[in-house]
Amino acid sequence: MSLEQFKNRNVGTQNYVKLDLDHTPTSGWCQFKQVVKRTFKPELFVGLWVTLREMINALFRGKMHTTQYPFEKLPISPRYRAIHDMLRLLESGHYRCIGCGLCEKICISNCITMETRYDENQRKEVSEYTINFGRCIFCGYCAEVCPELAIVHGQRYETASEQRASFSLFEDMLTPIDQLNLQQEYQGFGAVSPNADENIKKTPLAY
Amino acid sequence: METATMLPEVTAAGVIIKAVLILAVIAAIAGFGTYIERKVLAFMQRRLGPQHVGPFGLLQLAADGIKLFTKEDIIPQHANKIIFAVAPVITAATAFIALAAVPVFPDFTIPLLDIYVPSIASDVNVGILFVLGMMAAGLYGPLLAGMAQANKWGIIGSARTAIQFLSYEVVTGLSILAPIMMVGSLSFVDFNNYQADGTWIVVYQPVAFVLFLIAGYAETNRTPFDLLEHEAEIVSGYVTEYSGMRWGLFFIGEYANMITIGVIASIVFLGGYNDFWIFPGWLMIIAKIAFSFFFMLWVRAAWPHIRPDQLMWLCWKVLMPLAVVNVVITGIVMMIVG
């Protein structure tokens, strides 16, 4: 949808369907007319036609509405705050986390625990990093505060598991090194979903 | 009856084979009907319906059957146990008994054994009365079931059964009276032979046909009139406390009744099992019954159901006068035309 189309707020000339509602009958004659009209208007057959049309649409025109969920998934918004991902640097493959501890500090439900130490090069190294997903409220502060874009929210929203531990360790959240080329950069909290253009609808304005 | 003498003699073996055939085929179709219903309703709502068990979900039937058979048979503590146990049998049994006097498939002779299997298990000469009476008796199932189960939804369900019973029965009788007057017989075979020239009775009696369809939907508890088990209002009405195979019997009965109504409508109004153009009679009757069945599902997808008081209003104040007027006009026309 172009901007020009979007700014056109003339509802009457667009795709809105206006309901053609009659006034409530006031006199006996009006009531009689309404009864006659409704008797001879084949409204029941309109209903039959609508259902048959939807059946034809579904079967022959590929407008079946079902998403077969475990096999098909709808795209989710990039703003969606699901299980965290720890990203790697694209050049070296090293994890981005510098162990500054800001995410641990800002976490309002105290679910991030990290321990750091100096490695042999006197660089900060993360020795322990866990997120307790029993406590996490997925507020997104950790991702927002991270100066290195190391901790971000991923797209894994199916969080049923036998053990909480299968999500919460640093290695589980870290991008696998062999899938580094597939690593998605986090688009940030203001990002729009990929199908935002299709979902956008104009609001009719009365003026 | 010149034609009757030319047919082979109907033996007991033929009748028994026919009865077993009806029981097996209709019970299977009744089960299959639930699958068809779920599929058609799903398509009309742009859903997929059952599809994971077997090809196209066809084995969903078997899965449901296994579930029904293995479910615990619960009889509520304060229920009247005998009536509670008997009520589903009434529904299922009367539905099949009604099919005894209905021509379901064309007659044939088993080649090697030389047993003639008639198209009707028992060709009683008051077939229509027998079938309608049996289907009406079938409503004792819901009535007794609702009252026996010591459940308020059941009681409301059986009260609504009584209302329904009182409403549609008079319309069924009066609407089918006009074709009976034209044919001058109560036997389905005579109805079929009357339309052998290719002119269906629905051409002469469109009003009676519509009235009969409406009353038939009320008789089989199909959707515009499914008020005795409407989920949104009274949980499940008369089947609230039923589980397992007893519940299944109610549904086999309901689907068998749907087929019976389809058969009656096809034979009395839509030309029966006569040949039509290049299509043989057996194909025509199956097509008509199938369309009638599909139409019931279609109506269920399209139309909302009505309140009990609206049903009584419709049946007594609209349909019954129409049916009476139709009978009177039919009589006058028959008197004038001869």
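Computed from a prediction, not measured in an experiment: that's the story for all the values here. Letters A, B, ... are given to chains in the order of the sequence lines, protein chains preceding strands, and every chain is numbered from 1.
Looking at every heavy atom in both residues, B:Leu48 comes nearest to A:Thr66 through N-OG1, 3.4 Å. Listed here is the closest heavy atom pair of B:Arg46 and A:Glu54: NE-OE1, 2.9 Å. Listed here is the closest heavy atom pair of B:Ala302 and A:Gly47: CB-O, 3.6 Å.
Using a 4.5 Å cut-off between heavy atoms, A:Leu52 contacts chain B through both its backbone and its side chain. Proximity to chain A involves both the backbone and the side chain of B:Trp298, based on heavy atoms less than 4.5 angstrom apart.
Aromatic ring pairs are classed by plane angle as parallel below 30°, tilted from 30° to 60° and perpendicular above 60°; the pair B:His52 and A:Phe71 is tilted.
Remark: side-chain polar atoms of B:Trp303 are paired, donor with acceptor, to backbone N or O of A:Leu44 under 3.5 angstrom.
Surrounding CZ of A:Phe45 are at most 12 heavy atoms belonging to other residues, nucleotides or ligands under 6.0 Å away. Applying the 6.0 Å contact sphere to OH of A:Tyr157 captures more than 12 heavy atoms from other residues, nucleotides or ligands. Within 6.0 Å of atom CZ in B:Phe56, 12 or fewer heavy atoms from other residues, nucleotides or ligands are found, so the atom counts as exposed in its surroundings.
Chain B forms the most heavy-atom pairs under 4.5 Å with one residue out of A:Asn57, A:Thr51, A:Ile56, and that residue is A:Thr51.
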